[in-house]
Amino acid sequence: MTAIPLHMPRRLVEFTLDGQEVRVPEGDTILDACRAAGKDIPTLCQGDTLTPKNACRVCVVEVEGARTLAPACSRRAEPGMTVLTDTERARHSRKVVLELLASSTDLSTTPRAAEWIKEYEAKPDRFGPDAARLNEEPKIDNDLYVRDYDKCILCYKCVDACGDQWQNTFAIAVAGRGFDARISTEHDAPLTDSACVYCGNCIEVCPTGALSFKSEFDMRAAGTWDESAQTETTTVCAYCGVGCNLTLHVQENEIVKVTSPHDNPVTHGNLCIKGRFGYQHVQQR
Amino acid sequence: MDLKFTDTAKATDEERDAVDALLGAPGTGWEGGTGRSSDELRWARGGAAARERRDLLLPALHAVNDRVGWLSEGALDYICRRLTVPPAEAYGVATFYSMFSVRPRPAKVLHVCTDLACAARGGSLSAADAVGPDVSVQPSPCLGLCERAPAALLVRAGRSPSARGAEGTEGDPARPALDGQGGSGRSPGEGRPAHATAVVAPATPTALVAATTDPERAPAEPSAGAAVPQAGDPALTLLARVGVVDPASLDDYRAHGGYAALRRAFALGPAGVIREVTDAGLLGRGGAAFPTGRKWQATASQADHPHYLVCNADESEPGTFKDRVLMEGDPFALIEAMTIAGYAIGAHQGFLYLRGEYPRALGLLENAIASARARGLLGEDVLGQGYAFDIEIRRGAGAYICGEETAIFNSIEGYRGEPRTKPPFPVEKGLFGKPTAVNNVETLVNVLPILNGRTEETKLFCLSGNVARPGIYELPFGVTLRELIELAGPPDRMRAVLLGGAAGSFVRPDELDIPLTFEGTRAAGTTLGSGVVLVLDDTVELPRVLLRIAEFFRDESCGQCVPCRVGTVRQEEALHRIKDRTGADAAGDIALLREVGAAMRDASICGLGQTAWNAVESAIDRLGAYE
């Protein structure tokens, strides 16, 4: 059973969403309203446990009277506003953003990316074979995780999770500028020389698989990663008394990775190095 | 904050000294002092008190860069200890700005402008071929010296003259030594060259060699008045004092009517000042043309305190140099205007965010602030009126994006200069999360004539490119583009005019009757923007100019949002592909440009991405480039 945290009652905001009058609690975003109304707006950088950074811009919608499109994930609903989610303009921007992303980064492990590319008829190839790509080799400098920045869309979620929104370790930040901007440790040092504490909370929030468990990375490389053959079991971590929830992903009777439910009111999906990576003893047979 | 340091590199004495000269000696081992005493091992220092100096990160990076020329791992770590900043974040900030380097480089760095006006006048990196191997040459976006194009800026790292001989005292090495007016004759101390800058324009090979060999003895720049072709015209309002007063003398400024407007402001009271500015209909001159009175009113009425004033002097739009001329020619006017603005909005602290490429303006403004403070025109009790106001200069480090009104806050606060999402707007949550009014230099200086009773509003235009008399022109709103260009001496065969800068748009020679007002240019499908009027004659290869504009936006994109980060790259690639093509051969890529441009305009977070396609689009649609 998942505990459902109760909030203070909030006033309702009334506005028009695709021609329908909708009412959402004050402070909710347009995306919250869309989801409540059963609309599927694509999002990549939005995270359920983090403050929206609205960097990817695939969730843009049209707000009447605004010069530019608004990111649904961070724009709060205001009384009386008129929002259109599926206009020609919004669809065009989503299509181009998907093309720009898919042409510069590897979206092969990004959930739903292929589906949206099809839905919006995006053609990432049309920028030509010489279009600049990240073309980064995966950084493998420790036994726990792999940083494959060729898949990074620079959504800032790992930075926020490592920084003051969750972990307060501040091992990574965005360095450089423009197309050359990258997630980086201080002085671009290997992770082992950085402030990293290997909590893996950055992996937990990464939307593209740019950050992954070494176990998952190795199995993908060997062609043995098979999500359909995996079972997920949520249990309680036995290392200390906090009682964090662990979700064990098991394939062929081996734990292949550990995540944590985001709706847990105590940990919101965050774990420490032991809960996230300390499962080998279970497999000592 | 429990920060982890890798301690792989130690700061040198020189680097520590540069930082300590800015921040004072470290109090305890907790903030970078050598070793921890036995007492210090029994208590820990941290929390908000230790973190609240984060806004000194950019000045500290400048201190080391000015002294040593680049930012080593040891120096960055030491700065982080002193300011309680996570090393990864400081590295992210240091690598954001183009004037900093985290790799070793020579003490002398020559920034050669390769932007529009300079390129139109033959500026290129090859001009720097003759300089010695001890100089690191790097291309630079517009240096704001378009009237004397082509231009270059030489920066030599070294001890600051003010810190020399005054070890450990209040000397501020972040201040560059020279204002370009009285630099010669100083002897470098202790066998090390002093920090020096030299502005070279026009950047002839000979001048570049002279400047790089001995920047302290480089010929002085011409007075700011030389950039005002209309000098002496009694109709000038904003430029009236430029070239007339001594920019270093407060007395001279007062003798020319200075500080009358501030007295009037105190007589009117804050609400009265806002009313006058609102009634005058002053619109922001930074490019967005937002009503200044409304902005001030909205800031003044916020219940949250303190309020801040930020003067946006990060003039980096290619072709724009009006703010530099105002600051270099009449620095006290800006200080007076900021004091009035601060008074109107209820702020007690103003930040003057000056782009890093303006060493002479920096020296003159520092002098103006110090003089005003010494005379009670800034400080605890301005003019004996019981109003406290002071101004701090913050020097940018080479990032066009920091001129965006919210990126400027992040930059001042010691974060990467990335724009913030709006809403909330600055008047509500701006600098340090507090209500803030951000105004451009020209906007602020306009407040003085308004309070002094002048009714006719004027606009400054930056004329550059193929005109006979490039410079800053001041004209009443409503004159036509043709009249303006006639004043500056048009070329025989004009190809096009870029109006409003790289974020503006091109107009054809047969469209010169556009009235130069905000409404008139909008009606004509163009913009006044920052007042750029770059005239191109028919010798200019348009595709090359467009490529340069695309390169500029790619280089200056902060990288935060996808449409701008990747879109500006795709725009440049497409323009590269069609640079020698026309008609059907270019049609496919032009269609691609339109699609990417529309997404950048619609979906980018800030104005940089939203306008990155304007000039290219206008060149295709109005000039028929690639036809």
Side-chain angles (χ1 to χ4, degrees), chain A residues 44-45 52-58 60 62 67-69 71 74-76 89-90 92-97 99-101 103-105 126-128 130-132 153-154 156 159 162-164 168-181 184-189 193-197, chain B residues 1-6 8-9 73 76-77 80 85-98 102 399 401 416-418 421 423 553-570 572-574 577 588-589 592 595-596 598-605 610:
Chain A
L44 286 167
C45 74
K53 185 74 185 166
N54 61 72
C56 77
R57 318 303 277 189
V58 291
V60 285
E62 206 163 331
R67 192 170 40 86
T68 57
L69 301 175
S74 70
R75 178 64 58 86
R76 292 183 194 284
R89 237 176 115 200
H92 173 80
S93 280
R94 282 180 213 156
K95 174 187 113 158
V96 173
V97 164
E99 285 174 341
L100 293 173
L101 270 180
S103 66
S104 57
T105 50
R126 67 190 180 127
F127 299 115
D130 298 329
I153 61 166
L154 223 64
Y156 292 62
V159 176
C162 189
D164 59 3
N168 278 289
T169 290
F170 303 96
I172 47 175
V174 179
R177 193 166 83 190
F179 197 74
D180 298 325
S184 171
T185 58
E186 71 263 33
H187 321 304
D188 204 16
D193 292 347
S194 76
C196 178
V197 297
Chain B
M1 204 186 291
D2 180 26
L3 298 181
K4 188 190 163 191
F5 292 91
T6 49
T8 48
E73 290 188 19
L76 270 173
D77 275 1
C80 289
V85 173
E89 289 191 5
Y91 181 74
V93 172
T95 52
F96 184 82
Y97 296 99
S98 65
V102 294
I401 185 63
R416 292 164 57 79
E418 292 169 349
T421 305
F553 282 108
R554 183 212 55 200
D555 286 348
E556 298 297 335
S557 168
C558 77
Q560 195 181 195
C561 70
V562 177
C564 178
R565 179 176 77 232
V566 189
T568 52
V569 172
R570 298 288 177 257
E572 192 200 350
E573 287 168 350
R577 281 196 293 271
D589 276 314
L592 194 68
E595 289 202 24
V596 172
M600 285 200 283
R601 183 175 288 160
D602 273 346
S604 296
I605 290 179
Q610 288 160 13

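These figures come from a predicted structure and were not determined experimentally. Here is the naming used below: chain letters follow the sequence lines, and residue numbers restart at 1 for every chain.
- Both the backbone and the side chain of A:D188 have a heavy atom closer than 4.5 Å to some heavy atom of chain B.
- Atom CG in B:D555 sits 13.0 Å away from atom CZ in A:F179 (nearest 0.5 Å).
- With a 4.5 Å cut-off on non-hydrogen atoms, B:T568 does not touch chain A at all.
- The structure places CD of A:E99 at 8.0 Å from CG of B:L592, a figure rounded to the nearest 0.5 Å.
- With a threshold of 4.5 angstrom between heavy atoms, A:A131 approaches chain B through its backbone and through its side chain.
- Atom-to-atom distance recorded for A:R57:CZ and B:D602:CG is 10.5 Å, nearest 0.5 angstrom.
- Heavy atoms closer than 4.5 Å to chain B are found in the backbone of A:T185, but not in its side chain.
- Using a 4.5 Å heavy-atom cutoff, the side chains of A:E186 and B:E73 are not in contact.
- We find the OG-CD distance between A:S93 and B:E595 to be 10.5 Å, quoted to the nearest 0.5 Å.
- Both the backbone and the side chain of B:A399 come within contact range of chain A, each with at least one heavy atom under 4.5 Å from a heavy atom of that chain.
- The CG atom of A:L69 lies 9.5 Å from the CD atom of B:Q610; values are rounded to the nearest 0.5 Å.
- Within the 4.5 Å cutoff, the side chain of B:D77 has heavy atoms near those of the A:H187 side chain.
- Neither the backbone nor the side chain of A:R94 comes within contact range of chain B; no heavy atom of the residue lies under 4.5 Å from a heavy atom of that chain.
- Residues A:S194 and B:K4 form no side-chain contact, since every pair of their non-hydrogen atoms from C-beta on lies 4.5 Å or further apart.
- Most heavy-atom pairs under 4.5 Å with chain B, from the set A:A173, A:A189, A:A90: that is A:A173.
- Side-chain contact between B:I605 and A:N54: present, with at least one pair of heavy atoms (C-beta onward) separated by less than 4.5 Å.
- Using a 4.5 Å cut-off between heavy atoms, B:E89 touches chain A through backbone and side chain atoms alike.
- In this structure, chain B has a heavy atom under 4.5 Å from the backbone of A:I172, while its side chain stays farther away.
- How far CZ of A:R177 is from CZ of B:R416: 9.5 Å, rounded to the nearest 0.5 Å.
- Contact count against chain A (heavy-atom pairs under 4.5 Å) is highest for B:E418 among B:E418, B:R554, B:R601, B:M600.
- Between chain B and the options A:R67, A:R89, A:E62, the largest number of non-hydrogen pairs under 4.5 Å is found for A:R89.
- Both the backbone and the side chain of A:V97 come within contact range of chain B, judged by heavy atoms closer than 4.5 Å.
- The closest side-chain donor-acceptor pair between B:R570 and A:S103 falls under 3.5 angstrom.
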